[in-house]
Amino acid sequence: DSKSAFEMLGHLRYEGHPALWYSILYVPAHLLWSPLFMQAVNYVLALLMASLVLTERRLALTVRVLCIFSVFIFFHMGVMARSYMLAGLLLMGAVRLLTAERRRHWTGMFLLALAVNTHFFAIPVVCAVFVWICWSGRSPSLRAFKELFCCRHFWGSVALLSFALFACYFTVRPAHDLYTPHYEKADVSRFGYLILGLGRVWDYFVPFPLGALSPEKRELLGPWHQPSVLAASITLCLWFLAIGVLRSVRSRLFFITASVLWMAEVSVSVHIPGPFHCSFLFLAFVIALVVDAIDYEIRPARPRRIAHAALLGLLWMQIPITAHYWMQDFFLAFSGAEPTAKWLEKSGLMTRPLII
């Protein structure tokens, strides 16, 4: 409903997301009110994402197929038409360009800058990719530091990403009258929010039916109101298993860096991450697999057979969740909110932009 692009930027201060996705939708949104175009755009982006992953021949074919049919890439990013698939595509495209035989450094950095301005939670992954690229092929030494700080590519990349971060802040900085009660559910400290957030993560990766448990047990394993050390411990065990699957030192450092930065960003923003937010954590793991495939011959950390079997186990766990969500969305219109949707259509309100 914005009357100009500048007015749209002002409205984004209430949205909490950068401008790139909305800029792509701006013109079509003023030509037709149907969300069909948005779905079509996201479908094309999903196909491009699948092609980028499937053509990454440094990974085993089984791993590539399981990655694109994971609950995050296939459903939360692919089926749900939001800015997540665009951000993921830009991140994966940048990694492919930066790790190609003929490295396209500036094009890759430009895609990273666009990813920063697509979603706030893409920033931790962008930072981890940038750090890894800077140290790719270098050993940690004083001479390597001097070479890095004398490199024009380094300072040019820092300038480009700094400008991208400034543009992102300009669009997502909260308005003075913004009210966000959703992010203040629990009356706990910042550290308490960290434990609470960690306790939510594991359930998005493992097909466990929390809804079948009693309210007390459900709050213990999948907390929403009070921190649960048990749930946080399960997440950490799953995280260490993912690190153990990676065989090279640099791939592990990459995934640890991206994960720590991601959790730090969660703790100061949304506090309790949702499955959409965890999409970037999974993307960081997929990129770590690419880094691992490149660096494996440098310094392997464990036997290939054990790592590959554990990796397949981690990825296979997501397939039941993907199938469940897909069937629910396909057979239950609006995933259980069908009465509300039918009322909106019957009353004619589905043509109103604010209702959409």
Side-chain angles (χ1 to χ4, degrees), residues 12-18 21 70-73 75-77 80 82-88 91 112 115-131 165 168-169 171-174 178-206 210 219 221-243 253-288 318:
L12 287 181
R13 295 181 64 188
Y14 296 91
E15 194 66 24
H17 296 84
W21 172 246
S70 65
V71 67
F72 298 104
I73 293 181
F75 187 81
H76 291 312
M77 296 168 61
M80 310 298 280
R82 296 180 66 182
S83 60
Y84 294 83
M85 181 55 78
L86 176 59
L91 287 169
L112 291 180
V116 168
N117 284 279
T118 305
H119 201 283
F120 187 60
F121 282 109
I123 297 175
V125 187
V126 169
C127 292
V129 170
F130 177 67
V131 171
L165 287 168
C168 176
Y169 168 76
T171 53
V172 302
R173 71 194 195 285
L178 182 64
Y179 178 57
T180 55
H182 171 71
Y183 300 135
E184 302 296 339
K185 281 184 176 181
D187 185 18
V188 295
S189 63
R190 184 62 56 82
F191 180 74
Y193 268 122
L194 178 63
I195 302 300
L196 185 58
L198 279 174
R200 287 300 314 169
V201 172
W202 75 268
D203 184 46
Y204 303 138
F205 289 83
V206 180
L210 287 176
E219 183 67 20
L221 291 176
W224 275 107
H225 303 97
Q226 291 297 325
S228 170
V229 176
L230 175 61
S233 300
I234 297 174
T235 296
L236 289 175
C237 289
L238 188 66
W239 184 64
F240 281 118
L241 178 60
I243 294 173
L253 291 177
F254 168 83
F255 184 59
I256 291 171
T257 302
S259 301
V260 171
L261 290 176
W262 178 85
M263 202 63 229
E265 197 170 34
V266 166
S267 65
V268 299
S269 56
V270 297
H271 298 324
I272 307 173
F276 295 102
H277 306 130
C278 290
S279 299
F280 292 102
L281 195 58
F282 182 76
L283 273 174
F285 181 66
V286 175
I287 295 173
Q318 291 199 33

- Query: OG/Ser70 to CG/Leu283 distance, rounded to the nearest 0.5 angstrom?
  - Reply: 8.0 Å
- Query: Knowing that exactly one of Phe255, Phe205, Phe254 qualifies, which makes a ring pair (Phe, Tyr, Trp, His ring centres under 6.0 Å) with Phe285?
  - Reply: Phe255
- Note on the structure: Looking only at heavy atoms, the pair that brings Pro18 and Val116 closest together is CG-O, 3.6 Å
- Query: Just how far is it from atom OH of Tyr193 to atom CD1 of Ile195, taken to the nearest 0.5 Å?
  - Reply: 14.0 Å
- Task: List the steps, then state whether side chain to side chain contact (heavy atoms under 4.5 Å, CB included) holds for Leu12 with Val172.
- Result: CA-CA 7 Å; Leu12 287 181; Val172 302; over 6 Å; no
- Query: Has the side chain of Trp262 got a donor or acceptor atom that lies under 3.5 Å from a matching backbone atom of His277?
  - Reply: yes
- Query: How would you list, by chain and number, every residue that makes a ring-ring contact (aromatic ring centres under 6.0 Å, His included) with Tyr204, sequence neighbours excluded?
  - Reply: none
- Item | Shortest non-hydrogen separation from Gly192 to Pro227 and the atoms involved | O-CG, 3.4 Å
- Item | Those residues that, when tested against Tyr14, pass side chain to side chain contact (heavy atoms under 4.5 Å, CB included) (two or more places apart) | Ala175, Asp177, Leu178
- Item | Exercise: identify the closest heavy-atom pair between Arg200 and Gly222 | NH1-O, 2.8 Å
Would you tabulate the side-chain donor-acceptor contacts of residues 234-242 under 3.5 Å, counting partners in other chains and residues two or more places apart, or write 'none'?
{"from": "Thr235", "atom 1": "OG1", "to": "Leu198", "atom 2": "O", "distance (Å)": "2.4"}
{"from": "Thr235", "atom 1": "OG1", "to": "Trp202", "atom 2": "N", "distance (Å)": "3.2"}
{"from": "Thr235", "atom 1": "OG1", "to": "Ala231", "atom 2": "O", "distance (Å)": "3.4"}
{"from": "Trp239", "atom 1": "NE1", "to": "Ser259", "atom 2": "OG", "distance (Å)": "3.0"}

- Message: Nearest 0.5 Å, please: how far is CZ in Phe280 from CD1 in Ile123?
- Response: 10.0 Å
- Message: Going by the rule ring-ring contact (aromatic ring centres under 6.0 Å, His included), which residues pair with Phe282 if we only count those two or more places apart in sequence or in a different chain?
- Response: Phe72
- Please round to the nearest 0.5 Å and tell me the distance separating atom OG of Ser83 and atom CZ of Phe121. 11.5 Å
- Query: Yes or no on side chain to side chain contact (heavy atoms under 4.5 Å, CB included) for Ile256 and Ile243, after CA distance, side-chain angles and deciding distance?
  - Reply: CA-CA 8 Å; Ile256 291 171; Ile243 294 173; 3.7 Å; yes
- Query: Could you give the distance from CD (Glu265) to CZ (Phe120), rounded to the nearest 0.5 Å?
  - Reply: 4.0 Å
- Message: Once side chain to side chain contact (heavy atoms under 4.5 Å, CB included) is applied, do any residues pair with Leu253, and if so which ones, sequence neighbours excluded?
- Response: Val249
- Query: Between Gly88 and Met77, what is the shortest heavy-atom contact and its length?
  - Reply: CA-CE, 3.9 Å
- Nearest heavy-atom approach of Ala284 to Ala258 is CB-CB, 3.8 Å
- Here the gap from Met85 atom CE to Thr118 atom OG1, rounded to the nearest 0.5 Å, amounts to 13.0 Å
- Task: Specify the closest pair of heavy atoms between Pro273 and Cys278, including all atoms of both residues, with the distance to one decimal.
- Result: CB-SG, 4.5 Å
- Task: Return the set of residues passing side chain to side chain donor-acceptor pair (under 3.5 Å) with His119 (not counting sequence neighbours), or none when no residue passes.
- Result: His17, Tyr84
